[in-house]
J.: 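Below: one structure in structure tokens.
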Amino acid sequence: MRAAREGGAILQDYAAHGFQIEHKGRINLVTEADLASERYIKQLIASHYPSHRILAEESGASGHSADEYCWIIDPLDGTTNFSHGYPCYAVSIGVEYKGQSVAGAIYDPSRDEMFAAERGAGASCNGRRIQVSDVEPLEKALLVSGFPYDVRERMNDYLPAWREFLKRAQGVRRFGAAAIDMAYVAMGRLEGFWERGLNAWDTAAGWVIIEEAGGRVTKLDGSPFDNHTPSLLCTNGKVHDEMLAVLKSL
Ligand code: IPD
Ligand code: CA
Ligand code: CA
């Protein structure tokens with residue numbers, strides 16, 4: 001939580017004073033803020049847990065390959081939003097142990113909201129216990145999704161699910177920050193989130209936060225989730241099977 005909060009403070013400093021933007025791909029950006037936040041978080045973690053592995057979006061994997069603990073860091077989730085001054089972005093840090101997320105923190109510095117969980121100990125927002133919503137069926141659910149950066153090349157793969165959920169849910173949103181999408185499912189602000197083409201740093205914290213808030217996280221075919229699979233469905237549990245059925249029908 002400390003690393004996420006301080007990473008978030010670095011982002012806000014850049015947001016206030018300006019930053020350089022570079023392209024990793026045609027529509028995939030990286031800013032000075034991503035890099036500075038990541039550098040800081042990695043140093044802080046390494047100074048406390050020197051033997052643990054680290055996987056960070058902008059600098060890749062580091063640490064002792066044999067260690068069972070891995071810290072998975074997205075130093076700025078929602079870089080496109082951040083670059084435009086749209087205040088929907090977060091720092092996301094998950095701790096994986098033997099392939100499962102066991103602790104996570106997602107910090108939204110614009111709203112000063114800290115979502116956190118430890119496996120077996122519940123999930124919280126700013127220190128208060130949170131729970132998924134009990135809204136059902138899908139007809140009454142508010143959903144969210146996103147698009148990976150290859151959306152221009154693979155739009156036809158991504159749109160069918162949108163079309164079906166737009167027909168069947170109360171509404172579908174696209175905020176542009178997967179970590180916030182997951183935190184909001186955990187918080188009960190949204191009932192479900194699906195996305196293809198994600199990375200471990202997008203999901204590592206959200207996975208444990210949603211499950212500790214009473215929700216359900218699987219792959220898009222309903223099989224057990226792991227951070228290194230690029231697609232996921234997470235819900236309040238109540239609309240999960242209905243969403244799976246829609247995804248399977250595509
Ligand atoms: C992206 C955001 C976006 C999602 C993309 C992610 P980034 O992360 O989470 O909502 O649709 O798939 O890559 O690049 O801003 O850290
Ligand atoms: Ca991300
Ligand atoms: Ca990022």
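None of the values given here were measured: they were computed from a predicted structure. Order of appearance sets the numbers: ligands from 1, and atoms from 1 within every ligand. One is the number of the first residue; the rest follow in order along the sequence.
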J.: As a test of reading the structure, name the N/O/S atom of D77 that is nearest the Ca ion (ligand 2).
T.: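 The closest N, O or S atom of D77 to the Ca ion (ligand 2) is OD1.
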
J.: So with a 6.0 Å cut-off around CD of E153, is the heavy-atom count from everything else above 12?
T.: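 Counting neighbours around CD of E153, more than 12 heavy atoms of other residues, nucleotides or ligands fall under 6.0 Å, so yes.
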
J.: Dump the intermediate steps for side chain to side chain contact (heavy atoms under 4.5 Å, CB included) on S59 and K42, then the final yes or no.
T.: CA-CA 10 Å; S59 56; K42 281 180 70 173; 2.8 Å; yes

J.: Are a donor atom and an acceptor atom from the side chains of E96 and N227 found within less than 3.5 Å of each other?
T.: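 Their side chains do contain a donor-acceptor pair, which is all the 3.5 Å distance test asks for.
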
J.: When you measure from the Ca ion (ligand 3) to the N, O or S atoms of L76, does any of those distances fall below 3.0 Å?
T.: yes

J.: Using a distance-only test with no angle check, is there a side-chain donor-acceptor pair under 3.5 angstrom linking E191 and T235?
T.: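 Judged by distance alone, the side chains do not pair up.
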
J.: Exactly one of V91, V30, T31 should register a side-chain contact (heavy atoms from CB on, under 4.5 Å) with L76. Which one does?
T.: T31

J.: The Ca ion (ligand 3) is nearest to which N, O or S atom of E57?
T.: OE1

J.: Could you check I210, V217, L233 and say which one makes a side-chain contact (heavy atoms from CB on, under 4.5 Å) with F225?
T.: V217

J.: Do the non-hydrogen side-chain atoms of L44 and Y49 ever get within less than 4.5 Å of each other?
T.: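 Counting from C-beta outward, L44 and Y49 never come under 4.5 Å.
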
J.: Quick one: report the N, O or S atom of D74 that is nearest to the Ca ion (ligand 3).
T.: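 This residue's closest N, O or S atom turns out to be OD1.
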
J.: Under 3.5 Å, is there a donor-acceptor pair linking the side chains of S133 and N236?
T.: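 Yes, because at least one side-chain N or O of S133 sits under 3.5 Å from a partner of the opposite role on N236.
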
J.: Which atom name does D202 have for its N/O/S atom nearest to the Ca ion (ligand 2)?
T.: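 The closest N, O or S atom of D202 to the Ca ion (ligand 2) is OD1.
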
J.: Would you please write out the protein residues whose heavy atoms approach any atom of ligand 1 to under 4.0 angstrom, listed by chain and number?
T.: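 Residues E57, D74, L76, D77, G78, T79, G146, F147, P148, Y149, R174, G176, A177, A178, E195, L198, D202 each place a heavy atom under 4.0 Å from ligand 1, listed by chain and number.
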
